[in-house]
Protein chains: 2
Amino acid sequence: MKEYQTDPFKGTFGSLENLADKISDVLSCPVTIEDQNHRLLAYSTHEDSTDPARVATIIGRRVPEKVVNSLWKDGVIPRLQESDDPVRVSSIQKVGLGDRVAVSIRKNSEVLGYIWVLEVEKKLNPDDLRLLKLAAASAKSQLLQMQIGTKKKEENRQELFWKMLTGNLPQEKRILEKLHELNILPVLPAVVFILQLQKEITPALEKDILYLAAVNQKINVLLSAADSNQMLLLASPVGKEQPLDLAKSFVETFFTHMKERFSVSEIKAAYGSLVTSFTQVEKSYKEASSVLAVQEKLGGETLSLTGYHELGIYQFLDTIYEKQQRQGYQNEMLKSLQEYDRLHKTELYRTLETYLTLDENLNKASEALHIHMNTLLYRLKRIGEITNIDLKSPHQKIMLYLDFKINRLF
Amino acid sequence: MKEYQTDPFKGTFGSLENLADKISDVLSCPVTIEDQNHRLLAYSTHEDSTDPARVATIIGRRVPEKVVNSLWKDGVIPRLQESDDPVRVSSIQKVGLGDRVAVSIRKNSEVLGYIWVLEVEKKLNPDDLRLLKLAAASAKSQLLQMQIGTKKKEENRQELFWKMLTGNLPQEKRILEKLHELNILPVLPAVVFILQLQKEITPALEKDILYLAAVNQKINVLLSAADSNQMLLLASPVGKEQPLDLAKSFVETFFTHMKERFSVSEIKAAYGSLVTSFTQVEKSYKEASSVLAVQEKLGGETLSLTGYHELGIYQFLDTIYEKQQRQGYQNEMLKSLQEYDRLHKTELYRTLETYLTLDENLNKASEALHIHMNTLLYRLKRIGEITNIDLKSPHQKIMLYLDFKINRLF
DNA sequence: AAAGCATTTGTGATAATTCACAAACGCACT
DNA sequence: AGTGCGTTTGTGAATTATCACAAATGCTTT
C-alpha cells in the first residue's frame, strides 16, 4: 500500500520511451504517448497484446484520422482537453479501438499531449487512474523540455515562411538549406492555403487550426503563420488522389471540424496553385489571395470556389482588366446604362447584371430583384433600345458579364 | 452655221458657275457640274424649270445616294467613266430623275467630274451634244487648276493623318489647328476604318474607294491614307442613327458597291471605337487593327464582326491563352469530352461548342448540327454526366466558350 | 390641373423549352 | 442470332419564356 501512495514516476526517465515502459510496467497495460496533434511520441514495447487502432497508430506514427474523428464525435477529446482526469473510452469497434483509458498532459489549460492505456489485460482500478494522473504530470515536464527548442525554431520558421511568401528568398538552394536547418522535410509539390476567420487569430485559435491541419490526413503542413484574421499554411497534399482534390477535401473537412469542434464558423478558405519549387510559394500565395478577393467581392456562387484552379474565368479578370486599362477600354454599353440610371433613377445596370449572373433566367432574376417578371422583360427591352446590346450574341453577353465582374473587383 | 463650228467655251470663265451658265445659255437647258464624287461644283441659275433630283442635289450639295445607286444600276456611270461621249439618260421616276444628258470631264482615263444637262425645255440634238463635249473639255482645264492646290494639301493631309494614327500629335489644339489649315471641318465623333483588300491599293483603287466613301451618305471622310493593301479612313458618321450603326451600314454598303461597281470582292473591313477627340485617333486605329487580326485568325463567324465594339471577348483571347500557357492550364472538361468522343465516336465536343456559340438556342444548334432537337437535349444531358459541366453556371459556360475559341485559335 | 412620358404590374394568349417516356437504331460482345 | 448499351428520334405534356395590351403609378412639363 505504501508503494501506491508514493509517486513511482518521480525523477527523469531520459526519454519518453522509458517513461512509457515504466507506466506500462506499473499498470500492466500497453501504453502510448502522443503529442497534442496525436502524433506518436512513444509507446511501450514489452507487451504484445494490443488492438488494431494502436497498431495503426504505431505504424503510421500518428493516430489515424478516423479514430480521431470518432473520439471527437464521442466527446472524448473535448473532455480530455478540459480536465486532468483520466477518461475511460469504451471500445469502438468500427475504428478498431479496444477499451482504454486516456489522460491529457497539460500545462495550465494548454494540452501538450495524451497518454493512452489499453485495457486488454486488465481493467484499471481507481488507484491505477490516480497513478496515471501522476504519470501525466511526469510526462508534462518532459514534454515541456522538448518544447524549449521548438519555440526558437518556431520563430525561425515564421521568418522563413514570410520571406518565401513575399518573395524575399528567391534562391531555391537557400530555401532548402533553411528548411534543413529547421528540420522540415522539403516535400513537394506544395500549396499555400489561406484560412480566414472573422476575428483575430489568437494563439489558442492558431493552435486549434494547426491541430486540425495536422490531424487531417490530406495535407502535410510544412510552415504556417498567423496574420491578423488569416492563417497561412504551406502544405503538401498527401495521398493517392489528385493533389488539388486533396486540398479541396482538406478545406471542406476543415470547415466542418472547425464548426463542430471549436464552434468557429463563417470561415473563408482559399489555396493557390500547386508549386513544384519553393521559389513559387509567393505566386501560390498571391493566387490564394486573389481567390479570397473574388469570394469577398463577388460573393454568390464564388463562395464555393476555394482553389485557384477552380476560379475558371475569374482567374483572368485581372489580366483582362490590365489590358483594358492599357488600351483605355471602356464598356460603352455599361457606361450608357449607368448614365441612363443616373438620369432616370432606374436600375437597368443592376438589372442586367443580375439577369446575366443568374444564367439569364427570368424567374430567378425577377425574384432576386423583387420585381414582376414583365418589369424585367420591359427593362431588358429598354436596355436593348438604349444601348444596342444584343442579348442574342454570346460574345456580347460574355464581355458584359466580365465587365460587370471587373467593375465589382477593381 | 459658222457659230457652231467654233468653240463657244474657249477662254477662261473665272469660275465654274460662269461656265455652267454659259453652257446653259448655249444649250437652253439647266446645267449641273459635279466633281468625281458627285459633289455639286456649280449649277446654272437662270432657269427655273427643273426636276426633283436636281433640286435635291443642289439643296444637299451632292447627288442623293439613291440617285447615284440608280445610275450605277442602269450602267450610266460606268459608261460615262469609259468614254468622253455624252450619254443620254431616260427619266427614272422612282428617284425623281427627268430626261437628261451627261458627259464626263476627263483627263486621260481619270474622271474629274460630270456635266449634267436636263432636257426639260428641249431635247439636245447631235450638234448640242458636240458642244457639250467641248464644254467638258473646257471644264477639264478648270477642274485641273482647282486640283493643283489639292495635291499639296493632300500630302499635308497624309502627313497629319499618319501623325494622328501613330500618336505623334498628342495635343488636341495642334490637331485642330492643322485641320483648320487644311480646310477640314473637325467633325466629331469620328471613327478610324481599315478597309483591307487582297491586293495592293493602286492609286486607281484608292480613288474608287474614296469615291464610295464620299458618295455614301453614312459617313463623312475627314482623312484617308493608303497603306499597302489597306485603306485607312478617319470618318465621322453622319445621320440620325447611332454613329456605330452608321459605321456598320457604311461597311456593308461598301462591300456590295465595291463588288457591284468595281468587281472587287474579298474585302475585309474593320473600325475602332468612336472617338470624341482627335488625340484618340491612335486608339481607334489600334482597335480597328485588332478587329482585323481577330477576323484573320479566327475567320468564320467573326468575319461579320467589323466594329471593335462588336468584338466582345475576342480581344482578350490571346492574353488569356498566354496566361494559361504560363501556368500549364488545361480545361479538364473539354479534355474529357474529347476523350469520350474519341472512344465512342461521338460528337459531344462539337455539339457543346455549337450549342454555346449559337447562344444556347436549341433550335438553331440542332439545325446547325443536323440532328433532332431531342438528340441535342440528350447529348447535353450526357455531357453533364460525363464532365460535371454545369450548364446553369454562367461562369463555367463562359470559360468553356473561351476555351473552345482558344482551341480553334491556337 | 392637365398632359405626356417612362415605368411598373397585371392578364391572357402564344411560342419555346424542357421533361418523361417509348420505340427504334447501330454497334460491340457473346 | 441474341443481348446490352449508348444513341437517336418521335410523341405528348408540363413548364417556362415571350409577346400584346390594358391599367395604374409616378414624375416632369406645360
Side-chain angles (χ1 to χ4, degrees), chain A residues 301 332-398 400-401, chain B residues 240-242 333-394 396-398 400-401:
Chain A
E301 58 164 2
E332 305 296 336
M333 295 165 179
L334 293 193
K335 258 180 59 184
S336 56
L337 266 196
Q338 284 171 317
E339 182 67 7
Y340 190 90
D341 277 352
R342 201 176 55 77
L343 289 176
H344 297 76
K345 288 166 191 163
T346 47
E347 288 201 312
L348 298 186
Y349 182 94
R350 196 166 73 92
T351 301
L352 184 56
E353 179 175 18
T354 308
Y355 176 67
L356 290 181
T357 301
L358 295 181
D359 195 35
E360 299 163 63
N361 183 310
L362 288 175
N363 258 321
K364 284 194 241 166
S366 58
E367 208 170 301
L369 291 165
H370 305 297
I371 56 173
H372 194 277
M373 218 192 204
N374 279 354
T375 306
L376 176 55
L377 225 43
Y378 169 76
R379 286 186 187 173
L380 292 176
K381 206 184 75 187
R382 290 289 290 138
I383 287 169
E385 289 165 6
I386 293 165
T387 62
N388 77 9
I389 285 174
D390 178 12
L391 286 175
K392 305 262 176 188
S393 154
H395 314 135
Q396 279 198 31
K397 285 187 298 193
I398 289 175
L400 287 169
Y401 184 93
Chain B
K240 52 186 179 292
E241 296 168 64
Q242 290 269 3
M333 295 163 177
L334 293 193
K335 259 178 59 183
S336 56
L337 267 196
Q338 283 171 318
E339 183 65 10
Y340 190 91
D341 278 353
R342 201 176 56 78
L343 289 177
H344 297 77
K345 287 167 191 163
T346 47
E347 287 201 314
L348 298 186
Y349 182 95
R350 196 165 74 92
T351 301
L352 184 56
E353 178 174 18
T354 308
Y355 176 67
L356 289 180
T357 302
L358 295 180
D359 194 37
E360 299 163 63
N361 184 310
L362 287 174
N363 261 322
K364 282 195 242 166
S366 59
E367 208 170 300
L369 291 165
H370 306 296
I371 57 173
H372 193 275
M373 221 193 203
N374 280 353
T375 306
L376 176 53
L377 224 42
Y378 169 77
R379 286 187 188 174
L380 292 175
K381 205 184 74 188
R382 291 289 291 137
I383 287 169
E385 290 165 4
I386 294 165
T387 61
N388 77 6
I389 285 174
D390 178 13
L391 286 175
K392 304 263 176 187
S393 155
Q396 274 197 36
K397 285 189 295 194
I398 288 174
L400 287 169
Y401 184 93

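Chain A is the first sequence line, chain B the second, and so forth, proteins listed ahead of strands; every chain is numbered from 1. It should be emphasised that the depicted structure is a prediction, and the values quoted were computed from it without experimental measurement. Side chains included, hydrogens not; waters and symmetry mates left out as well; all remaining heavy atoms used.
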Legend entry - Polar side-chain atom of A/D359 near backbone of A/N361 as donor-acceptor pair, under 3.5 Å: no
Inset, instruction - Round to the nearest Å and state the distance from B/I383 atom CD1 to D/dT7 atom P. - result: 10 Å
Legend entry - Interatomic distance, B/H344 NE2 vs D/dG4 C1' [rounded to whole Å]: 13 Å
Inset, instruction - May I have the distance from B/R379 (atom CZ) to D/dT9 (atom P), rounded to whole angstrom? - result: 8 Å
Inset, instruction - Please report the shortest heavy-atom distance between B/M373 and B/L362, naming the atom on each side. - result: CE-CB, 3.9 Å
Inset, instruction - Please state whether the phosphate of D/dT8, meaning OP1 or OP2, lies under 4.0 angstrom from any side-chain nitrogen or oxygen of B/Y378. - result: no
Inset, instruction - Just do the salt bridge (charged side-chain N to carboxylate O under 4.0 Å, His left out) check on B/E339 and B/R342 with the steps written out, would you? - result: CA-CA 5 Å; B/E339 183 65 10; B/R342 201 176 56 78; 2.8 Å; yes
Legend entry - Shortest non-hydrogen contact between B/D341 and B/L348, atoms and distance: OD1-N, 2.8 Å
Inset, instruction - Find the distance A/R382:CZ to C/dC5:P and express it as a whole number of Å. - result: 13 Å
Inset, instruction - Taking all non-hydrogen atoms of both residues into account, name the closest pair between B/T354 and B/R350 and its distance. - result: OG1-O, 2.7 Å
Inset, instruction - Round to a whole Å and report the spacing from CG of A/L380 to P of C/dT8. - result: 11 Å
Legend entry - DNA chain C contacts made by residues 361-373 of chain B, counting heavy atoms under 4.0 Å: B/N361, B/L362, B/N363, B/M373
Pairwise N/O distances under 3.5 Å, protein to nucleotides 20-22 of chain D:
unit_1 : atom_1 : unit_2 : atom_2 : d
D/dA20 : N6     : A/N374 : ND2    : 3.4

Contact list (N/O, under 3.5 angstrom) for nucleotides 23-28 of chain C vs protein:
none

Legend entry - For atom NZ of B/K392 and atom P of C/dT17, their distance in whole Å: 13 Å
Inset, instruction - Give a yes-or-no answer on whether the side chains of A/Y340 and A/R382 include a donor-acceptor pair shorter than 3.5 Å. - result: yes
Legend entry - A/E367, CD: over 12 other non-hydrogen atoms inside 6.0 angstrom: no
Legend entry - Nearest heavy atoms of B/L376 and B/A365, plus distance in Å: CD2-CB, 3.6 Å
Inset, instruction - Taking B/T387 for its side chain and B/G384 for its backbone only, find out whether a donor-acceptor pair lies under 3.5 Å. - result: no
Inset, instruction - Nearest whole angstrom, please: distance from the P of D/dC19 to the NZ of A/K381. - result: 9 Å
Legend entry - For B/R379 against B/T351, the heavy-atom pair lying closest together: NH1-OG1, 2.9 Å
Inset, instruction - Rounded off to whole Å, could you give me the CG-to-P distance for the B/D359 and D/dA17 pair? - result: 15 Å
Inset, instruction - Kindly give the heavy-atom pair with the smallest separation between B/Q396 and B/I389, and that separation in Å. - result: OE1-CA, 3.5 Å
